[in-house]
Amino acid sequence: MKLLETYILRRVGQMFLVALLPVLAIIWTTQVLQRINLVTDSGQSIGSFAKLATMILPSIIPVVLPFALVIAITQTLTTMNNDSELTVIDAAGARRSILIRPILLLAAVISVFSFFVDNIVEPRAKTVARQMIAETYADLLSSVIEEKTFRKIDEGLYVQISKRLAGRMLKGLFVADERDPAYELIYYAKEGAVDDTGTTLIMHDGEVHRKTPDGNVSVINFDSYSFDLSDMTENRGQATLKASDRDLWFLFNPDPNDKDFTIRPQSYRAELHRRLTDWILPVVFALFSLAIAGDARSHREARLHPMVSALAYAFAFRWAAFYAANQIDTDPEYIAVLYAIPIVSSIVSIIFLSMHKRLVMPSFIWERISASWRRMQERLLAATSRSGGGAAQ
């Protein structure tokens, strides 16, 4: 690799890491916070929560990589253009491949890494995460750990306890059962316990209120009452794997006896084609980023920042691919659309690069964005003026 190519590769690679790490950290943090209830609901240690948070990371990386690459390419090339480096390269008679080759090499490496994460690391991480969650809620007592707090343990079933003692003993039980539309049941008991198998809640010295849809309420006192939990506990501790949790080899040859596959076979087809197209996105994004920002331009030229145009194309491309992948569930014809999106985009970008033309945003979109940006600047300037005037008074 030539010295100039190494220089470009190093600059784009550094900017790629600068763009990737903060965005990845922000998205990862938001995903982790959505699962903080694993600790509050089940009393798991911070170590278990940290392990679960680590298992979430592989599902985020392939999504962020292409956008970070777009930012790195457009920002690096724009900076080189502002510093007249692109002009000097063109004036020296260097081929455009000197600029394109290192960037596409980096994009290819990122695509291979994305393929590895998306098809090998992520399915295993999701399987471990689902198994952790299933084992966490395997015991009913793990779902009701906060005293004097209502906890939903199943659809239409809520439990509250006043105090939990050693040996699975519970004090001050309240159970609201709304699972049967024909009536509602509310249980009160001074004490109770869950048996060793976790399938029965035994309540002592209490009463049950039975309310029908017409408003009639009947009250029955009991010395001992057994509440069946087998419907909720029989599947607890066993993770149900979905199409997104499977590796690529399973998607190519699904087990016909798999429970989830028999229910939703179309989701496995959609997931397979999504996996076969998503990993190539870094190369596709790199091509149209080069077509947008890869030539020398005058500083006096009024234009939208290349990063804005490139990110707009990237988001539109990603939305189209996501939409096509989702439609495969119901319409297999969208398989061709899903593959056509990256192919057509790559061909168009290559044509623009070979003809030394810029891939620009349509004028009507550019004008609207520019008008919105000017209005925002005017409002900020007016607000600053008002606050400054108020301070002077």
Side-chain angles (χ1 to χ4, degrees), residues 31-49 52 129-242 245 259-260 262-264:
Q31 294 295 317
V32 168
L33 291 178
Q34 292 179 4
R35 292 163 176 81
I36 193 68
N37 62 324
L38 179 68
V39 176
T40 59
D41 287 356
S42 59
Q44 295 296 300
S45 65
I46 190 64
S48 299
F49 180 70
L52 178 63
R130 287 191 183 277
Q131 189 62 40
M132 284 182 60
I133 295 174
E135 292 174 354
T136 297
Y137 291 106
D139 190 343
L140 176 65
L141 290 177
S142 296
S143 300
V144 195
I145 62 104
E146 291 187 20
E147 298 174 351
K148 299 180 181 179
T149 301
F150 282 98
R151 185 66 59 200
K152 179 180 179 180
I153 61 174
D154 199 21
E155 192 64 36
L157 183 62
Y158 303 85
V159 176
Q160 181 196 40
I161 59 173
S162 297
K163 190 175 183 181
R164 190 177 64 253
L165 305 176
R168 293 177 172 261
M169 295 298 298
L170 307 173
K171 289 286 188 180
L173 285 101
F174 174 88
V175 179
D177 187 357
E178 302 175 350
R179 293 175 295 175
D180 194 331
Y183 52 83
E184 298 177 6
L185 296 173
I186 298 179
Y187 302 86
Y188 301 93
K190 291 184 179 180
E191 61 181 26
V194 178
D195 66 354
D196 294 336
T197 63
T199 60
T200 304
L201 173 62
I202 303 174
M203 294 181 281
H204 302 283
D205 191 10
E207 59 184 31
V208 54
H209 294 201
R210 185 176 185 273
K211 181 180 179 181
T212 57
D214 57 8
N216 293 326
V217 178
S218 59
V219 181
I220 302 175
N221 295 319
F222 59 82
D223 293 328
S224 180
Y225 189 93
S226 296
F227 190 86
D228 186 18
L229 303 173
S230 58
D231 291 341
M232 292 169 289
T233 58
E234 61 181 0
N235 293 325
R236 292 179 183 265
Q238 301 178 3
T240 301
L241 300 181
K242 299 180 180 179
D245 307 324
K259 183 178 179 180
D260 188 67
T262 56
I263 298 174
R264 290 180 291 271

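Given the structure is predicted, the values throughout are model-derived calculations rather than measurements.
With hydrogens and angles disregarded, no donor-acceptor distance shorter than 3.5 Å links the side chain of Asn216 to the backbone of Ser218.
The CD1 atom of Ile202 sits 11.5 Å away from atom CD of Glu191, with the distance rounded to the nearest 0.5 Å. Remark: Ser162 OG to Leu170 CG distance equals 10.0 Å, nearest 0.5 Å. Expressed to the nearest 0.5 Å, how far NE2 of His204 lies from CZ of Phe222 amounts to 9.5 Å. Rounded to the nearest 0.5 Å, atoms CD (Glu184) and CZ (Arg210) are 11.0 Å apart.
Residues Arg179 and Leu157 have side chains in contact (heavy-atom distance under 4.5 Å, counting atoms from C-beta outward).
No more than 12 heavy atoms of other residues, nucleotides or ligands sit less than 6.0 Å from atom CG of Asp223.
The minimum heavy-atom distance between Pro213 and Ala182, with the atom names listed, is CD-O, 2.9 Å.
Between Phe174 and Tyr188, the ring centre distance stays below 6.0 Å.
Between Tyr187 and Phe227, the ring planes are perpendicular. Angles over 60° get that label, and only those under 30° would be called parallel.
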